[in-house]
Each structure stands twice: as C-alpha cells, then as structure tokens.
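What follows is a set of notes on a single structure, which appears directly below.
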Amino acid sequence: MSSLKRAFLYDVRKKGKSLTLFLLLLFLTVSVMVGISIRSGTEKAARALRETIGASFTMSGSINHLEFDGSETGYTADKIPIPYETVKQILGVGGIKAYNAEQSLPISAVGLEFLSGMESGYLSANTETAYQTDFVSGILELTEGRHITAEDTDAAVISAKLAEENNLGIGSELILKSASGGSGEQAKVFVAGIYASDSKMEYDDDTIFTTHDIFWKLSNQKASAYSGNVTFFVTDPEELTHIVKQVKQIASIPWEDYFIRINESEYQSVAYQIQTLEQLTGIMLLAVILIGIIVIFLVLTMRIRNRIHEAGILLSIGTSASQITMQFIYEILMVAVLVFLVSFPLGSFVTGQAEDALKGMETIIHMPLSLQNILLQFLTETFVIIFTVIMASLPVARMKPKDILSKMN
C-alpha cells in the first residue's frame with residue numbers, strides 16, 4: 001500500500017483528530033492572513049496620510065537690493081529672481097509632485113473699493129493657488145468657484161468679503177494696474193474663485209490672487225523668472241531631506257545667490273503617530289506568525305511522537321523510514337489543502353468585518369487580501385509543515401522496530 005493511500009485512510013479513520021488539526025490550522029492561517037492584510041492596509045493608510053499632509057521646501061533668492069522709503073514697512077527689498085529654467089531643473093529631481101511660484105505686487109483696481117479704505121491692495125501671483133502657503137495651511141479656504149492652475153491666464157481669486165463689498169461673483173471682471181509704478185499698463189481679469197479667511201487669524205482680505213502673466217504685465221518684469229519664492233511639494237515627507245540634498249547637488253545653480261527652507265512642521269506633528277501605528281501592526285503580525293509556527297511545531301511533533309507503536313509495526317513489515325515520513329507529510333498536507341481552500345473566503349469575511357468596524361469608528365482603512373501575499377503565506381506554511389514533520393520523524397526513523405516495540409512494552 002502506498003504512503004499516499006495510507007495517509008488518506010488514516011485521515012478518514014481518525015475523523016476527530018483530523019477535524020481538530022483542521023480547525024487549528026484554519027485558525028492560525030486566517031489569523032496570519034488577517035494580520036498581513038491589516039499590516040498592508042495600515043501601511044497604505046500611513047502612506048496616504050503622509051501624501052495628504054505633505055511636506056515641502058521653499059527656494060528664495062538672496063536680497064539683491066534694499067531701499068529704505070516712507071512706506072508702511074519702511075523699506076523695499078528686491079530678491080534675486082529664480083529663473084524658470086532653474087525651476088525645471090529642480091522638478092527633474094525624483095519625488096517632487098508639484099510646485100507653486102509666488103510673487104507679489106501692490107495694485108489698484110478700477111472702480112474697486114478695498115476693505116482697508118486704501119486706494120490699493122495686494123496682488124499675489126501663483127502657479128497653483130491650491131498650493132499657495134495660506135491655502136495649504138488652512139488659513140484660507142476656497143468657498144466658491146475653483147483654484148487657479150498653471151494652465152490659467154487672466155484668472156483671479158478674491159476674498160468673499162471683497163466680493164460682497166463690491167457686488168462681485170464668479171465670472172465678474174476686474175481691471176487691475178500696478179500701484180507702484182511698474183509698466184503703467186492695465187490688465188483685465190475674471191473672478192474664477194472666491195476664498196474665505198479664518199476668522200481667528202488676521203488676514204488681509206484685500207489680497208487678490210492672480211496668474212503670473214498678470215504680474216509680469218503689470219510689473220514690467222521678465223516673464224522668464226520669478227521674483228518671489230518657489231515652493232516644491234514632495235510626494236513622501238520621509239524623503240524630503242534626501243530630495244533637498246539632491247537638489248543642492250545641482251551644480252548649474254549658483255547656490256551663493258539662493259537658499260532653501262524646509263517646511264515639514266505639519267508632518268512632524270503627526271509623524272510619531274504614523275510610526276507608532278506601523279510599529280504596532282508590525283509587532284502584532286510578527287507575534288501572530290511566531291506563535292503560529294510554535295503551535296504548529298508542537299502539535300505536529302506530539303502527533304507524530306504519539307504514533308511510535310504504529311511506526312514500529314510499519315518498520316517491522318518492511319516499510320522504509322522515508323515511506324513512513326512521507327505518509328505523515330501527506331496526512332498533514334491533505335488537511336492543509338482543505339484549510340487553504342476555506343481560509344480565503346473566511347479571511348475575506350473577517351477583513352471585511354474589520355473594515356466595517358473601523359468605518360464605524362470614522363477610520364477608513366482598506367485591507368484587501370493580496371493574491372501574492374496569500375500564495376506566499378501558503379507556501380511558507382507548507383514548508384513549515386514539511387520541515388516540522390521531518391524533524392519530528394527523525395528520532396522515530398532512526399530506531400529499530402524491536403527498540404520501538406520494547407519501549408511500548
């Protein structure tokens with residue numbers, strides 16, 4: 001009789017033991033499967049959180065000209081402009097997802113009454129207002145319309161208070177001109193969006209956000225460089241320091257004229273929670289795997305050691321030690337195959353219940369079961385089973401039949 005047939009008959013004859021082994025392996029398999037799924041889900045959630053929070057670095061030019069005057073600040077400072085070619089070079093560094101260049105200019109507007117009662121307000125030209133510092137930090141919030149993007153021309157975003165004061169809305173037109181000399185030209189813009197400022201913060205609601213083409217037209221500056229700051233946003237905050245280091249290694253940029261400021265305070269405020277979450281799920285998964293391996297090893301070892309008498313009889317009738325070991329392996333693997341078939345739908349159900357429970361706690365973590373992870377888990381469990389059976393069978397296989405029978409007596 002072949003080892004495979006003897007293994008099948010044993011599993012059928014010993015239904016109670018087979019069922020106990022089945023339930024034990026099923027529990028351990030599903031536990032590891034759910035643990036891997038939770039670990040994978042929390043890693044994705046942590047990565048998404050890092051991307052949502054974001055981090056950035058700001059490039060600024062050194063002060064090129066400082067002039068004292070009778071303005072409110074008492075002086076005007078001209079920075080060395082940042083050429084667009086330099087911005088393109090920095091964007092070529094991996095890990096940067098977006099940028100926003102910002103340059104400012106005092107302006108006046110035909111027929112527009114500013115909230116301050118002054119004849120002029122403040123123009124802030126941006127590549128993408130969604131990445132403008134005050135919008136990113138939450139000081140400002142878009143309430144109507146849309147943000148300015150890099151594809152826009154002649155667009156503007158104004159404050160809700162300024163719009164209410166002057167009966168303006170989405171699509172309204174404004175005629176702007178420089179309030180500090182500049183080119184002397186006028187520029188017509190349309191209102192693409194309306195923002196509201198945080199009531200707890202002091203903010204100049206006379207600020208009008210526009211596109212860079214408006215700034216260059218009114219200021220009479222070159223359209224190939226930015227006179228203000230350029231902020232670059234990275235995909236993963238953990239890579240921020242490395243990315244800045246790579247940027248500073250661009251030899252063609254005259255770094256004596258520019259400096260970089262790293263902006264990661266918002267990320268650092270939640271970095272500890274993210275790291276704690278990942279560490280806890282990692283420890284939990286490792287504990288489940290180790291406990292599972294130990295339990296499988298102990299149970300299978302005891303199962304085989306309790307069959308010394310049966311092994312002695314098989315050896316006495318001419319069955320080789322390798323055939324006996326293969327029988328033991330087949331017995332366990334037959335049960336394991338059934339466990340693998342049942343564990344996938346059961347694991348999907350458990351992870352689904354876990355997702356629903358987290359949603360009820362207003363925490364959304366998707367925990368899909370990866371086919372690659374499942375196959376790897378099944379292969380690992382199969383290896384552990386085979387290895388355990390071989391190790392447990394060695395003492396039995398080395399004994400002679402009469403030694404086994406004498407021990408039983």
Side-chain angles (χ1 to χ4, degrees), residues 1-37 288-351 369 371 373-409:
M1 186 182 297
S2 67
S3 300
L4 183 62
K5 186 175 181 180
R6 281 200 305 271
F8 175 76
L9 293 176
Y10 181 86
D11 284 338
V12 173
R13 187 173 69 254
K14 301 291 184 176
K15 296 183 179 65
K17 291 184 177 180
S18 298
L19 179 60
T20 302
L21 181 62
F22 172 83
L23 293 176
L24 174 63
L25 291 178
L26 181 63
F27 174 76
L28 295 175
T29 300
V30 172
S31 297
V32 173
M33 188 180 295
V34 173
I36 293 174
S37 179
V288 170
I289 292 174
L290 290 177
I291 293 173
I293 291 175
I294 292 171
V295 170
I296 289 176
F297 185 85
L298 292 176
V299 170
L300 295 186
T301 300
M302 291 177 61
R303 176 188 173 98
I304 293 172
R305 295 291 172 82
N306 289 334
R307 297 172 64 185
I308 292 178
H309 184 259
E310 178 185 345
I313 294 174
L314 291 173
L315 287 171
S316 66
I317 61 176
T319 306
S320 66
S322 60
Q323 289 177 319
I324 296 173
T325 302
M326 288 305 301
Q327 176 187 336
F328 292 158
I329 292 174
Y330 289 146
E331 290 172 4
I332 311 301
L333 289 183
M334 285 180 184
V335 177
V337 169
L338 295 177
V339 169
F340 295 157
L341 293 175
V342 175
S343 62
F344 181 74
L346 183 59
S348 299
F349 173 76
V350 174
T351 54
L369 294 176
L371 181 60
N373 290 339
I374 291 173
L375 291 176
L376 181 60
Q377 178 187 345
F378 289 169
L379 288 174
T380 303
E381 287 189 30
T382 301
F383 172 79
V384 171
I385 289 171
I386 294 174
F387 178 78
T388 301
V389 172
I390 292 175
M391 294 301 294
S393 302
L394 284 178
V396 177
R398 289 171 180 170
M399 298 178 69
K400 295 180 180 180
K402 63 178 183 179
D403 295 332
I404 295 175
L405 296 176
S406 63
K407 282 193 175 185
M408 292 302 300
N409 293 329

- dist Ser2:OG -> Tyr330:OH (nearest 0.5 Å) comes out at 8.0 Å
- Message: Run the side chain to side chain contact (heavy atoms under 4.5 Å, CB included) test against Val295 and tell me which residues pass, sequence neighbours left out.
- Response: Leu24, Leu28, Ile291, Val299
- Contacts of Ile390 meeting side chain to side chain contact (heavy atoms under 4.5 Å, CB included) (sequence neighbours excluded), chain-then-number -> Thr325, Ile329, Ile386
- State, yes or no, whether a side-chain contact exists between Met334 and Leu4 at a heavy-atom distance under 4.5 Å. yes
- Is it true that atom OH of Tyr10 has more than 12 heavy atoms of other residues, nucleotides or ligands lying nearer than 6.0 Å? yes
- Query: Taking all non-hydrogen atoms of both residues, which atom of Ser3 and which atom of Gln323 are closest, and how far apart?
  - Reply: OG-O, 3.0 Å
- Can you sort out the partners of Glu381 under side-chain hydrogen bond (donor to acceptor under 3.5 Å, both in side chains), two or more places apart, ordered by chain and number? Thr29, Gln377
- Message: Run the side chain to side chain contact (heavy atoms under 4.5 Å, CB included) test against Leu298 and tell me which residues pass, sequence neighbours left out.
- Response: Ile294
- Message: Applying ring-ring contact (aromatic ring centres under 6.0 Å, His included) as the test, list every pair that has at least one member in residues 375-394; sequence neighbours left out.
- Response: Phe340-Phe378
- Query: Listed by chain and number, what are the side chain to side chain contact (heavy atoms under 4.5 Å, CB included) partners of Phe297, not counting sequence neighbours?
  - Reply: Thr301, Thr388
- Given Val339 and Leu21, is the side-chain contact (heavy atoms from CB on, under 4.5 Å) satisfied, shown in steps? CA-CA 10 Å; Val339 169; Leu21 181 62; over 6 Å; no
Just distance, no hydrogens or angles: give the donor-acceptor pairs under 3.5 Å from side chains in residues 12-19, sequence neighbours left out.
unit_1, atom_1, unit_2, atom_2, d
Lys15, NZ, Val12, O, 3.1
Ser18, OG, Asp11, O, 2.9
Ser18, OG, Lys14, O, 2.9

- Task: Kindly state each residue pair satisfying salt bridge (Lys or Arg N to Asp or Glu O under 4.0 Å) with at least one member in residues 320-331, sequence neighbours excluded.
- Result: Arg303-Glu331, Arg307-Glu331
- Item | Atom pair CD1/CD1 of Ile293 and Ile385 - distance to nearest 0.5 Å | 11.5 Å
- Task: Name all pairs fulfilling the side-chain hydrogen bond (donor to acceptor under 3.5 Å, both in side chains) condition that reach into residues 332-343, sequence neighbours left out, sorted by first residue then second.
- Result: none
- Item | All pairs passing salt bridge (Lys or Arg N to Asp or Glu O under 4.0 Å) where residues 340-349 contributes a residue, at least two apart | none
- Are Val342 and Phe22 close enough that some pair of their side-chain heavy atoms sits under 4.5 Å apart? yes
- Mind checking side-chain hydrogen bond (donor to acceptor under 3.5 Å, both in side chains) for Ser37 and listing every partner two or more places apart, or none if nothing turns up? none
- Query: If you measure from CD1 on Ile289 to CD1 on Ile36, what distance do you get to the nearest 0.5 Å?
  - Reply: 5.5 Å
- Message: How long is the straight-line distance from OG1 of Thr351 back to CZ of Phe349, given to the nearest 0.5 Å?
- Response: 10.0 Å
